[in-house]
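Structure first, then comments.
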2 protein chains.
Amino acid sequence: MMGNIPCDKTDTRKALLEAAEQLFAQHGFEAVSVRHLATAAGANLSMVSYYFGSKEGLFEELIASRFPYARGVLESLAADTTLTAWEKMSQTIDLYVDKFFGGRSFHRVIMREMSLQQRPALVKIITDLMGKNMLLIRGFIVEGQEKGQFNQVDADFTIVMLLGAIAAYINNSTMVGKMLNETDDAQIFSDANKARFKCELKNMFHAHLVRVSAER
Amino acid sequence: MMGNIPCDKTDTRKALLEAAEQLFAQHGFEAVSVRHLATAAGANLSMVSYYFGSKEGLFEELIASRFPYARGVLESLAADTTLTAWEKMSQTIDLYVDKFFGGRSFHRVIMREMSLQQRPALVKIITDLMGKNMLLIRGFIVEGQEKGQFNQVDADFTIVMLLGAIAAYINNSTMVGKMLNETDDAQIFSDANKARFKCELKNMFHAHLVRVSAER
DNA sequence: CAATAAATCAAACGTTTGTTTGATTTATAT
DNA sequence: ATATAAATCAAACAAACGTTTGATTTATTG
């Protein structure tokens, strides 16, 4: 009756995951201590080992649970028969730019971990999840090529270039900011810049993929 | 007279930098302890603080001393009046792919540090060095546009996309390997794949940059 | 209510970390 | 040769790390 909603039922676990999401994103996995983590979650220090076995176990569960956002959208794009292959690619670009811009701190954590290759369990989780998404995108390119709308580009490398170009904006935001003469995060990731970046990406991949005489 | 060439003159310092280059590239900055470092360099533990003030000081000097490779090539490209703007861009792609493929471990370290943004001194060193290179590349794009050979693309974003696409191959080599059905590093970074990747990059950026009626 | 299990806690564990100390050796210069 | 500085060393430092312990509280169940 104190205005205390009895929402509990062991939300310590959830609190730890939420604190970890924020802190890992901000400082990186190594830099965040278990003590720091527990304090931020309002939990006891030993609760990390208690619930997740180890700090690394918590990390793995965090990645696995927060990752698979894009899948559903890509699958519905794949199933859609009313869209052209390029329209699917265009929407994929929108999807990933939105996704990366929105959760940029967390994506930085994931990409650092991929680059480090120090935690094999994590690398496997990420490659499996991301691999399926890439197969779906691959399908769009192959579809366009089979219908004669796309050039015979290398689908695999094209996907690497696409996702890499987007990731670069996130990972090197300091560099991007320097080039655009914008210093703080909010400016660099403003809606205006997001729109410009999407536009530039679409222009380039349209020129790369779509046969000159086929469309538009 | 023991066959011992008196090459010394304090090469302990140099040995530490060389050991650090190899170990940081392989395991990342955080994962390499000062003890590990000193042992690998055949030096005493305290020599790191003695010569560089701290482990971080060693890191900063390492980055600064190993970084500025591309500058000279880009400057000579900029000064060359016999090349077209696209030829300069094409050679820039060759340069960066070679550079990134060759020193991929070390570049991973640099890019992780950029992404982390935890050591301001290092971020400044890197952005300053890389920023000048990007200005030179920017010059190639602007030159092409002024001569009517290039489309009116956004030069800044184009550079981000270019370097990002190349960096992605390095940072996500596990993912690339999965897509190409190649498991080990030597395969993924083989000359054949390097050539394919360069080709794909040039195709895409040629389509993006070069006006359809202007050149080839 | 009693008994059992789950969750939380303060405290300590044993390592490992980067750095400092002070003695000792090696080199340089007077 | 002697004095001064530079370089190296083993040892110790304090702090921080992730994890474990065992008691204690809270919740669940028969």
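Worth saying up front: this structure is predicted, and the values here are computed from it rather than measured.
A:Thr183 meets the side-chain contact (heavy atoms from CB on, under 4.5 Å) test with no other residue; sequence neighbours excluded. When the ring-ring contact (aromatic ring centres under 6.0 Å, His included) test is applied to A:Phe157, the partners found at least two apart in sequence or on another chain are B:Tyr169, B:Phe197. With sequence neighbours excluded, no residue forms a ring-ring contact (aromatic ring centres under 6.0 Å, His included) with A:Phe52. In this view, A:Glu61 and A:Arg13 satisfy the salt bridge (charged side-chain N to carboxylate O under 4.0 Å, His left out) rule, not counting sequence neighbours. By the side-chain hydrogen bond (donor to acceptor under 3.5 Å, both in side chains) test, B:Asp128 pairs with A:Lys178, B:Lys124, sequence neighbours left out. For A:Ser190, the side-chain contact (heavy atoms from CB on, under 4.5 Å) criterion is met by A:Ala192, A:Asn193, not counting sequence neighbours. Residues satisfying the side-chain hydrogen bond (donor to acceptor under 3.5 Å, both in side chains) criterion with A:Arg119, sequence neighbours excluded, are A:Glu30, A:Glu113. For B:Ala85, the side-chain contact (heavy atoms from CB on, under 4.5 Å) partners are B:Glu143, B:Gln149, B:Phe150, not counting sequence neighbours. With sequence neighbours left out, A:Lys198 forms a side-chain contact (heavy atoms from CB on, under 4.5 Å) with A:Asp94, A:Val97, A:Asp98, A:Lys194.
Comparing C:dT8, C:dG18, C:dA12 by their closest approach to the side chain of B:Val34 singles out C:dG18. Distance from the side chain of B:Tyr51 is smallest to D:dT8 among D:dT19, D:dT8, C:dT17.
B:Leu16 has its CG atom 11 Å from the P atom of D:dC9, to the nearest Å. The NZ-P distance, from A:Lys55 to D:dA16, rounds to 15 Å in whole Å.
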Which nucleotides of DNA chain C pair, in dot-bracket form (Watson-Crick or G-U under 3.5 Å, | meaning another strand):
|||||||||||||||||||||||||||.|.
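Contacts of residues 37-50 of chain B with DNA chain D (heavy atom under 4.0 Å): B:Asn44, B:Ser46, B:Met47, B:Tyr50. Residues from residues 17-32 of chain A with heavy atoms under 4.0 angstrom of DNA chain C: there are none.
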